[in-house]
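Read the structure below first, then the notes.
Along the sequence shown, residues carry numbers from 1.
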Amino acid sequence: MTTMTRSSRTAQIEEWLTVDEVCAELRITRRSFERWCRLGKGPRVKRLAGNGPIRIKRDWLNEWLEGDAA
């Protein structure tokens with residue numbers, strides 16, 4: 001049996017992905033991802049520090065994928 005510490009559970013729960021990581025996982029181009037976001041059809045995203053890079057929480061991606069499959 002594997003025991004997870006609180007910090008490893010928290011890190012796992014709050015995993016943030018880059019746009020490139022999401023694109024690789026979904027096997028899509030960055031252009032497709034950006035188009036989905038522009039049309040409001042992509043997963044929820046957060047821009048860091050106002051004009052910084054975009055990140056996607058693992059939970060948001062999973063929720064979006066599950067909602068899209070239904």
(request) Would you name the heavy atoms of R55 and W16 that are closest together and state the gap between them? (result)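 Taking R55 first and W16 second, the nearest heavy atoms are CB-CE3, 3.5 Å.
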(message) To check you understand the geometry: which heavy-atom pair defines the closest contact between C23 and R30, and what is its length?
(response)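 Taking every non-hydrogen atom into account, SG-CA, 3.6 Å.
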What side-chain donor-acceptor pairs closer than 3.5 Å can you find for residues 36-45, not counting sequence neighbours?
none

Find the distance between [atom1] ([X]) and [atom2] ([Y]) and round it off to the nearest 0.5 Å.
X	Y	atom1	atom2	value
L61	E66	CG	CD	10.0 Å
L17	D59	CG	CG	10.0 Å
I56	E25	CD1	CD	10.5 Å
R58	W60	CZ	CH2	13.5 Å

(message) Counting only heavy atoms not in R31 (residues, nucleotides, ligands), do more than 12 fall under 6.0 Å from its CZ?
(response)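 For R31, atom CZ is not crowded (no more than 12 foreign heavy atoms under 6.0 Å).
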